[in-house]
2 protein chains.
Amino acid sequence: MARPPAGSRPPRNGGVTMADIGRLAGVTQVTVSRALSTPSKVSPQTLERIRDAIRRTGYVPNALAGALASSRSRLIAALVPSVTNIVYSSLLHAFSDIMWSHGYQIMLSEVGADPEREEQAIAAHLSRRPDAVLLTGVHHSPGARLMLVNAGIPVVEVWDLTETPIDCCVGFSHENAGRAAADFAWQAGYRSAATVTAAEERARRRRDAFADRFGSLSGSRPAGLDFGRAATLGSGRAALARLLEQGMAPGTVVFCSSDQFAQGILVEAAARGLAVPRDVAVIGFGDQDFAASTEPSLTTIRIDRQHLGRVAAEALLDRFAAEAPGPGVHDVGFTLTRRNSA
Amino acid sequence: MARPPAGSRPPRNGGVTMADIGRLAGVTQVTVSRALSTPSKVSPQTLERIRDAIRRTGYVPNALAGALASSRSRLIAALVPSVTNIVYSSLLHAFSDIMWSHGYQIMLSEVGADPEREEQAIAAHLSRRPDAVLLTGVHHSPGARLMLVNAGIPVVEVWDLTETPIDCCVGFSHENAGRAAADFAWQAGYRSAATVTAAEERARRRRDAFADRFGSLSGSRPAGLDFGRAATLGSGRAALARLLEQGMAPGTVVFCSSDQFAQGILVEAAARGLAVPRDVAVIGFGDQDFAASTEPSLTTIRIDRQHLGRVAAEALLDRFAAEAPGPGVHDVGFTLTRRNSA
DNA sequence: TTGAAAGCGCTAACAA
DNA sequence: TTGTTAGCGCTTTCAA
């Protein structure tokens with residue numbers, strides 16, 4: 001335990017209450033409550049005495065009790081597949097910044113790709129009575145949907161789009177992104193394509209859309225490589241090696257499910273003396289901070305994650321205020337950023 | 001709001017209480033409470049009826065009320081400088097995994113490098129009455145220390161070491177890491193060194209220790225470059241360019257405050273046709289997932305972040321159980337992983 | 001401007 | 001094995 005100077009017993013300011021402050025300031029507990037929530041309703045002198053008492057005791061209000069009494073916890077539950085994935089963590093960063101500035105705190109959980117685990121996490125979070133929930137993706141178990149609807153609080157689903165959100169959603173179309181990449185590749189003159197994809201549902205949807213479109217454009221469906229493991233530079237290198245083994249034609253464009261993969265392909269190509277994009281071209285996904293600085297720089301699909309996080313936060317804030325908010329579907333889109341790798 | 005089928009009014013299962021479940025099961029609220037916390041103390045038939053009622057109503061216990069009544073929130077507050085920095089997020093990942101499996105939830109906040117903001121965040125978190133707090137680093141404002149000590153709960157400071165933790169700490173010595181890099185570089189035969197450092201207090205301590213040691217070994221203090229911005233591949237490239245402009249001697253070893261910088265130097269060197277490590281050698285920090293797969297692979301300082309997170313979790317769990325835990329300082333160490341860049 | 005009273009939904013004794 | 005009684009520390013009326 002964090003221990004106070006030996007000898008004195010822990011003040012455990014969890015022990016100091018509004019009533020204590022009131023006693024010190026010569027008022028009742030209610031007045032202290034008012035001083036904190038609506039200072040304008042308390043006389044200046046009283047306010048001063050109360051503030052003084054708070055300072056002297058180091059009083060920290062008990063938000064648990066406050067939330068119980070008011071049924072507003074000022075807590076937002078956020079569930080992401082992974083915090084170590086920069087794509088989600090940067091989105092979260094923008095989101096929490098705004099929520100924080102409005103007095104909300106974030107309870108975060110990682111849920112991986114397992115719907116069962118997501119359901120458990122949702123239950124655990126709902127037990128804390130959050131004022132809203134942020135979920136990643138739009139596919140959730142019926143059980144999860146039910147709990148969320150029952151909770152009767154705003155829910156925002158991010159990083160994907162659906163016509164039937166639980167409440168509202170902010171994202172972009174992964175299918176469109178895949179198709180846009182295929183159209184770009186075709187128009188840029190590539191006549192052979194391949195895909196490298198991580199084991200993730202949305203990544204697969206991008207890949208499928210890419211393969212469908214490029215296949216119908218070129219007449220032959222691109223070869224695909226799936227990586228169960230997380231997308232890393234190392235697996236990107238391995239992917240190019242494997243593609244080459246399989247006899248990939250020179251001048252093929254490889255559509256990757258993440259910039260990590262793409263960078264790996266760049267590194268492996270360089271190690272093999274292959275020229276990019278002449279011998280092999282690469283399209284990434286995510287436009288991570290390194291994408292513009294690789295050699296050659298990465299052509300990739302960019303999602304403005306800052307903006308996405310901000311729109312998600314605003315959607316919730318809006319719902320806190322509105323009486324009967326409409327079911328909001330916010331498409332924040334994406335851009336194909338052409339650089340030098342394709 | 002997540003809305004139930006039109007027409008029916010929101011069950012808002014925040015509305016279903018233990019008393020409601022009791023009524024349905026023909027028992028009092030207390031028995032329901034027991035059924036949930038110590039099912040062994042409830043008869044099998046009663047238990048069955050209660051569980052049935054819970055299932056039918058979709059009841060979710062109110063953890064706010066529970067925490068208020070028991071003064072145990074099963075909440076852990078975690079404060080990290082940044083969630084988008086993989087170094088902290090992977091540590092957090094391991095930490096929360098364990099805490100979660102013991103029934104604790106994490107409340108996360110980013111606090112950047114601003115002590116003022118950290119203090120605010122600590123106050124906000126303490127108001128939720130967490131059962132413990134995790135902090136990054138060992139330098140905190142006097143105000144922050146005071147609040148934490150007053151709270152009387154376990155506190156673990158991670159990613160650094162001190163003789164005087166608020167409560168306990170789990171980390172490694174940044175000074176030792178810097179010196180180890182200098183010793184390694186000297187013994188590997190490098191006679192000229194430089195540093196590239198992000199604007200971060202711990203990074204600077206590593207750099208200073210490196211420069212001191214290498215300086216006393218070689219007789220001349222290494223040149224240093226500071227980057228205010230976050231460590232990115234792009235700034236690593238820029239760093240090498242700048243170092244070269246400044247007339248860095250061939251065969252210099254560059255000690256970076258992160259693997260991102262180091263990778264940037266690798267990329268820039270390749271782009272300039274410089275051989276690594278012959279023309280310029282590089283030592284990174286962090287051993288991120290890409291470090292083993294770069295070309296050439298990165299020599300870097302590795303911290304077992306999984307392990308660190310685990311030890312931090314165990315330290316807290318221990319303190320929850322122990323009567324009078326000793327002030328624990330856990331040095332998890334680091335290893336200099338030699339690969340091909342130096 | 002302040003206070004009194006009630007209650008948020010639980011847990012923790014203590015009884016029966 | 002179950003129930004009764006008291007709170008936990010606040011917010012929310014309503015009254016003064």
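Residue numbers start from 1 in every chain, and the chains themselves are labelled A, B, ... in the order their sequence lines are given, proteins ahead of strands.
Among the protein residues, B/Thr46 comes within range of the sugar-phosphate backbone only, with heavy atoms under 4.0 Å from sugar or phosphate atoms but none that close to a base. Residue contacts shown for A/Val42 are limited to sugar-phosphate atoms, with no base heavy atom under 4.0 Å away.
For the residue pair B/Ser82/B/Thr84, the side-chain donor-acceptor check at 3.5 Å is satisfied.
Using a 4.0 Å cut-off between a side-chain N of Lys or Arg and a carboxylate O of Asp or Glu, A/Asp20 and A/Arg23 qualify as a salt bridge.
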Please lay out, stage by stage, how B/Ser90 and B/Arg305 fare under the test side-chain hydrogen bond (donor to acceptor under 3.5 Å, both in side chains). CA-CA 7 Å; B/Ser90 62; B/Arg305 300 189 292 269; 2.5 Å; yes
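Rounded to a whole Å, the CZ atom of A/Arg23 is 14 Å from the C1' atom of D/dC10. Between A/Arg34 atom CZ and C/dA4 atom P the separation is 11 Å, expressed in whole Å. Distance A/Arg72 CZ to D/dT11 P: 11 Å, rounded to the nearest Å. The distance from atom CZ of A/Arg129 to atom C1' of C/dC8 is 11 Å, rounded to the nearest whole Å. The interatomic distance linking A/Glu48 (CD) with C/dT1 (C1') rounds to 17 Å, in whole Å. Put simply, CG on A/Asp131 is 14 Å from P on D/dT11, counting in whole angstrom units. As rounded to whole Å, 13 Å separates atom C1' of D/dG3 from atom CD1 of B/Ile50. Look at CG on A/Leu64: it is 10 Å from P on D/dC10, rounded to the nearest Å.
Cation-pi geometry between B/Arg117 and A/Trp100 is met: the NZ or CZ atom falls under 6.0 Å from the ring centre, inside 45° of the normal.
Along DNA chain D, the nucleotide nearest to A/Ser37 and the one nearest to B/Ala65 differ in position, and the one closer to the 5' end is contacted by B/Ala65.
Listed for the B/Thr46 side chain is no donor-acceptor partner under 3.5 Å among the backbone atoms of B/Val42.
Proximity note for B/Thr28 (side chain, C-beta onward) versus D/dC10, C/dC8, D/dG3: the nearest is D/dG3. Side chain of A/Gln29, nearest nucleotide from C/dG3, C/dC10, D/dC10: D/dC10. The side chain of A/Ala69 approaches D/dT11 more closely than any other nucleotide in the set D/dT11, C/dA13, D/dT2. Checking C/dC10, C/dA13, D/dC8 against the side-chain heavy atoms of B/Asn62 singles out C/dC10 as nearest.
One finds a side-chain N or O of B/Ser33 lying less than 4.0 angstrom from the OP1 or OP2 phosphate oxygen of C/dT11. For C/dG3, the OP1/OP2 oxygens have a side-chain nitrogen or oxygen of A/Thr31 closer than 4.0 Å. A close approach under 4.0 Å does occur between a side-chain nitrogen or oxygen of A/Tyr59 and OP1 or OP2 of D/dC10. Between A/Ser43 and the phosphate of C/dT2, there is a side-chain N or O to OP1/OP2 separation shorter than 4.0 Å.
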